[in-house]
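A short write-up of the structure that comes next.
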Amino acid sequence: MKLKGHQIIIFGLARFDAPMESANYTMARLLARENEVYYIENPFTLRDFIRLRKTTDYQLRKAHFSLTGHSLIETGIPNLKVIIPPVLLSVNFLPETGLFRAALKFNEFLVRIKLKSILNTYKIRDYIFINSFNFHYPSLADGLTPKLKVYHCLGPVALPSHRRHEVVSEGILLKQSDVVICNSKRLYEEKKKQNPYCYFVANAADLGRSSKALSPDLPVHPAIDALKKPVIGYLGTIDQRINYDLLQKVILANPGKSFVLAGPVSRELVPEWFFTAGNVHFPGPIDYDDVPAVIKGFDVALIPFKKDEVSSSIFPLKLFEYMGAGKPVVATDFNPDLKEFTKGTVTFCENAGSFSEAICTALRTDDAGQRKTRVTIAAENTWENRIDDIADIIHYHLEQVIQP
């Protein structure tokens with residue numbers, strides 16, 4: 001990593017203690033190997049406060065919400081500390097008008113007060129500011145004086161609730177940033193039209209975690225171990241990205257197999273049929289530390305996403321997690337970028353028939369040699385390697401800034 005000895009502030013979309021891995025916090029953790037990093041997590045709004053005030057998430061942060069306070073949460077990771085923003089107004093219900101923009105600027109002003117207090121207290125002067133996909137607050141860096149502003153774009157602005165404001169907000173963020181780093185080629189092609197200093201660096205995986213599934217001493221997670229074999233599994237959020245029509249046809253064509261959809265469920269988005277099918281199982285959210293034990297129980301791992309404008313920009317973290325555990329992967333052909341990185345080891349399918357056939361082929365032909373190949377390819381796609389690439393891009397642009 002060429003980027004060393006800098007102070008870096010990362011404004012992320014994910015909570016630092018989220019149960020599932022996030023690219024936002026992983027970036028913070030790995031940049032802290034050689035730099036002093038402060039991670040600002042996504043602010044609580046008044047709506048969040050009312051909904052979560054009795055939870056452990058709120059209790060952990062309660063002492064750190066002060067507008068002018070400068071307390072930090074220690075992470076146990078050298079050089080990495082967490083900043084908790086003040087509680088903000090709930091404004092997303094407003095239409096995209098001047099009133100909304102004024103309310104948003106007030107929220108950004110509140111976060112900026114807190115951030116300036118911390119900058120002064122800890123003598124953070126010559127710093128890099130990275131917005132890691134928190135397009136909700138595009139102008140937070142206004143009134144601050146970072147030596148470089150970076151936007152890390154981790155996907156399309158996809159959900160209907162986002163489209164009201166965040167397409168506009170992301171446009172502002174793209175124009176104000178000195179550097180933009182995208183995790184898919186399609187995003188790169190789109191965003192470079194708005195900012196010429198745009199780069200493509202793909203997503204990766206925490207191989208140190210997923211490779212634990214290779215250990216003969218690790219037991220399969222009880223929720224998976226209890227199922228009839230073979231187990232065909234998906235691990236992740238069960239939401240609007242999944243092609244439920246295709247998946248239903250695949251399940252109906254394979255009645256003797258157990259299908260697992262492990263992770264938090266957006267029940268309103270999942271057809272009721274899936275909850276009544278005898279060979280479909282929903283273990284629910286999986287603790288971060290239990291992920292290897294769940295993946296270990298899969299005989300074939302799935303990524304059954306829809307093929308549409310949104311998914312063509314998705315580079316799923318789970319791809320290399322599956323491969324790092326040695327598992328055969330069957331996916332829909334939702335993002336053509338993935339073929340380049342998987343080097344023929346993943347089957348990408350156009351329809352339910354080919355998807356079902358690929359599952360059966362994987363069960364029939366998987367062997368130690370193929371598992372070793374998958375692990376080797378996954379090892380080329382670790383977060384350590386990707387963050388080093390991002391750090392080198394930032395280092396290059398810093399050198400351009402300081403040149404006379």
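Please read these numbers as outputs of a predicted model, since none were measured by experiment.
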- Message: Determine whether a donor-acceptor pair (N or O, by modelled atom type, separation under 3.5 Å) exists between the side chain of Lys327 and the backbone of Phe298.
- Response: yes
- Message: Centroid separation under 6.0 Å, is that true for the rings of His397 and Tyr199?
- Response: yes
- Note on the structure: Rounded to the nearest 0.5 angstrom, the CZ-NZ distance for Phe348 and Lys339 is 7.0 Å
- Query: With a 3.5 Å cut-off and no angle check, do the side chains of Asn203 and Arg386 form a donor-acceptor pair?
  - Reply: no
- Counting only heavy atoms not in Lys149, do more than 12 sit closer than 6.0 Å to its NZ atom? yes
- Message: Can you confirm whether or not the ring centre of Phe133 sits under 6.0 Å from the ring centre of Phe135?
- Response: yes
- Message: What I want to find out is whether Asp308 reaches Lys306 closely enough, with some N-O distance under 4.0 Å, to be called a salt bridge.
- Response: no
- Query: Regarding His6 and Glu36, is there a side-chain donor-to-acceptor distance under 3.5 Å anywhere?
  - Reply: no
- Hey, could you give me the OH/CG distance between Tyr38 and Leu80, rounded to the nearest 0.5 Å? 10.0 Å
- Task: Output yes when Lys212 and Asp290 qualify as a salt bridge under the 4.0 Å nitrogen-oxygen rule, no when they do not.
- Result: no
- Message: Can you tell me how the ring of Phe341 sits relative to the ring of Phe200, calling it parallel under 30°, perpendicular over 60° and tilted otherwise?
- Response: perpendicular
- Asn120 and Arg125: CA distance, side-chain angles, deciding distance, side-chain contact (heavy atoms from CB on, under 4.5 Å) verdict: CA-CA 8 Å; Asn120 290 332; Arg125 299 282 186 266; 4.1 Å; yes
- Leu110 versus Val87: any side-chain heavy-atom pair under 4.5 Å? no
- Task: State whether the number of non-hydrogen atoms from other residues, nucleotides or ligands found under 6.0 Å of Gln248 atom CD is greater than 12.
- Result: yes
- Item | Inter- and intrachain pairs under side-chain hydrogen bond (donor to acceptor under 3.5 Å, both in side chains), touching residues 255-267, at least two apart | Asn254-Lys257, Arg267-Glu272
- Item | Separation between CD1 of Ile359 and SG of Cys349, rounded to the nearest 0.5 Å | 8.0 Å
- Nearest-0.5 Å distance that lies between atom OG in Ser71 and atom CD1 in Ile118: 7.0 Å
- Hey, are Lys147 and Asp126 close enough for a salt bridge, meaning a charged N less than 4.0 Å from a carboxylate O? yes
- Only one of Leu72, Ile40, Thr75, Ile77 clears side chain to side chain contact (heavy atoms under 4.5 Å, CB included) with Val82; which? Thr75
- Residue pairs passing the side-chain hydrogen bond (donor to acceptor under 3.5 Å, both in side chains) test with at least one member in residues 47-63, sequence neighbours excluded, are Asp17-Arg61, Glu41-Arg61, Thr45-Asp48, Asp48-Arg51
- Should the pair Asp333-Lys307 be classified as a salt bridge under the 4.0 Å nitrogen-to-oxygen rule? yes
- Message: Any donor-acceptor pair under 3.5 Å linking the side-chain atoms of Arg186 with those of Ser312?
- Response: yes
- Query: For Lys192, does the NZ atom have more than 12 heavy-atom neighbours from other residues, nucleotides or ligands under 6.0 Å away?
  - Reply: yes
- Message: Tell me whether Phe109 at atom CZ has more than 12 heavy atoms from other residues, nucleotides or ligands lying less than 6.0 Å away.
- Response: no
- Crowded around Tyr288 OH? As in, over 12 foreign heavy atoms under 6.0 Å? yes
- Do Asn42 and Asn134 have side-chain N/O donor and acceptor atoms under 3.5 Å apart? yes
- Heavy-atom pair with the smallest gap, counting every atom of Val294 and Ala262: CG1-CB, 4.4 Å
- Task: Specify the closest pair of heavy atoms between Leu302 and Tyr322, including all atoms of both residues, with the distance to one decimal.
- Result: O-OH, 3.1 Å
- Query: Can you list the steps and then say if Lys296 with Asp225 is a salt bridge (charged side-chain N to carboxylate O under 4.0 Å, His left out)?
  - Reply: CA-CA 10 Å; Lys296 183 173 183 176; Asp225 195 38; over 6 Å; no
- Task: Taking all heavy atoms of Gly12 and all of Tyr39, pick out the closest pair and write down the distance.
- Result: CA-OH, 3.5 Å
- Task: Considering non-hydrogen atoms only, spot the tightest contact between Pro292 and Ala213 and give its length.
- Result: O-CB, 3.5 Å
- Within a radius of less than 6.0 Å around NE2 of His70, do more than 12 heavy atoms belonging to other residues, nucleotides or ligands occur? no
- Task: Mind listing the closest non-hydrogen atom pair of Pro304 and Phe355 along with its distance?
- Result: CB-CZ, 4.1 Å
- For Ile224 and Pro283, the nearest pair of non-hydrogen atoms, with its separation, is CD1-CG, 4.2 Å
- Task: Could you tell me whether Glu189 and Lys185 have a side-chain N and a carboxylate O separated by less than 4.0 Å?
- Result: no
- Is the His165 to Phe100 ring centre distance short of 6.0 Å? yes
- Rounding to 0.5 Å, atoms CG (Leu173) and OH (Tyr151) come to a distance of 5.5 Å
- Query: Are Arg101 and Glu96 ion-paired here, with the side-chain N under 4.0 Å from a carboxylate O?
  - Reply: yes
- Message: For the CG atom of Asp389 and the CD1 atom of Ile181, what is their distance to the nearest 0.5 Å?
- Response: 9.5 Å
- Task: State plainly whether the residues Lys191 and Glu170 are in salt-bridge range, i.e. N to O under 4.0 Å.
- Result: yes
